[in-house]
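Residue numbers begin at 1 in each chain, while the letters A, B, ... track the order of the sequences. These numbers come from a predicted model, not from an experiment.
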Amino acid sequence: MTSFEEKVCAAIGKIPRGKVATYAAIARAIGRPRAARAVGNALNKNLFKSVPCHRVVLSTGRLGGYARGTAVKAKRLRGEGVLIRNGRINLNKFGFKV
DNA sequence: CTAATGACCATTA
DNA sequence: ATAATGGCCATTA
């Protein structure tokens, strides 16, 4: 576990149920404002099990990727009350500021 | 050391 | 609205 990944993990852990955060927001929160891409990279590799990594989405409101498939990601989010319309999420409503 | 690889982002056309 | 573009950055080979 690199320290970068630790921070990513910690930041994601703060996202409350029923809300989502963007990769860019996470990057900002850990002090690497331009490392959004690296954040996704870290998640993909680690497959964080005890962390709600499904609550991390693109800044456009789209889902983005998910190691086990975007279908699962969408399902889990819907299960938490996040409304997904046309494959997109309203960040003004469900976005969480870390 | 260099080069390649992404669960990305913002801008531009 | 969509598509292409250039940039960005931690990790890994």
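Pairs of residues two or more places apart, or lying in two chains, that qualify as salt bridge (charged side-chain N to carboxylate O under 4.0 Å, His left out) and include a residue from residues 76-91 of chain A are A/Arg55-A/Glu80.
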Name every donor-acceptor pair, under 3.5 Å, that has one atom in a side chain of residues 6-23 of chain A and the other anywhere in the protein, sequence neighbours excluded.
| unit_1 | atom_1 | unit_2 | atom_2 | d |
| --- | --- | --- | --- | --- |
| A/Thr22 | OG1 | A/Ala25 | N | 2.9 |

Under 3.5 Å, which donor-acceptor pairs do the side chains of residues 56-67 of chain A form with other protein atoms, sequence neighbours left out?
| unit_1 | atom_1 | unit_2 | atom_2 | d |
| --- | --- | --- | --- | --- |
| A/Thr60 | OG1 | A/Arg62 | N | 3.4 |

Atom pairs and distances, side-chain donor-acceptor, residues 33-42 of chain A, under 3.5 Å, sequence neighbours left out:
none

When the side chains of residues 90-98 of chain A are checked against the rest of the protein, which donor-acceptor pairs come out under 3.5 Å, sequence neighbours left out?
| unit_1 | atom_1 | unit_2 | atom_2 | d |
| --- | --- | --- | --- | --- |
| A/Asn90 | OD1 | A/Asn92 | N | 2.9 |
| A/Asn90 | OD1 | A/Lys93 | N | 3.3 |

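Closest to the side chain of A/Asn41, from the set C/dA10, C/dC8, B/dA7, is C/dA10.
The distance between atom CG of A/Asn46 and atom C1' of C/dA10, rounded to the nearest whole Å, is 12 Å. Atoms CD1 (A/Ile26) and P (B/dA7) sit 17 Å apart, rounded to a whole Å. Between the P atom of B/dC8 and the CG atom of A/Asn44 lies a distance of 9 Å, rounded to the nearest Å. Rounded to whole Å, atom C1' of C/dA1 lies 11 Å from atom CZ of A/Arg62.
A/Tyr66 comes within 4.0 angstrom of a base, heavy atoms only.
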* To do: Could you provide the dot-bracket string of DNA chain C, using ( ) for intrastrand pairs, [ ] for crossing pairs and | for bases paired to another strand, with Watson-Crick or G-U pairs below 3.5 Å?
  => .||||||.|||||
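Each of A/Ala42 and A/Arg34 lies near DNA chain C, and the nucleotide nearest A/Arg34 is the one positioned closer to the 5' end.
Qualifying side chain to side chain donor-acceptor pair (under 3.5 Å) partners for A/Asn46, counting only residues two or more places apart in sequence or in other chains: A/Glu5.
Looking at residues 80-92 of chain A, you'll see that no heavy atom sits under 4.0 Å from any atom of DNA chain B.
In terms of hydrophobic clustering, with Ile, Leu, Val, Met, Phe, Trp and Tyr side chains grouped at heavy-atom distances under 4.5 Å, A/Phe4 and A/Met1 are assigned to a common cluster.
Checked options A/Val72, A/Thr70, A/Leu77; the residue passing with A/His54 is A/Leu77 (criterion: side chain to side chain contact (heavy atoms under 4.5 Å, CB included)).
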Protein-nucleotides 9-13 of chain B N/O pairs under 3.5 Å:
| unit_1 | atom_1 | unit_2 | atom_2 | d |
| --- | --- | --- | --- | --- |
| B/dC9 | OP1 | A/Ala24 | N | 3.3 |
| B/dC9 | OP1 | A/Ser59 | N | 3.3 |
| B/dC9 | OP2 | A/Ser59 | N | 3.1 |
| B/dA10 | OP2 | A/Ser59 | OG | 3.4 |

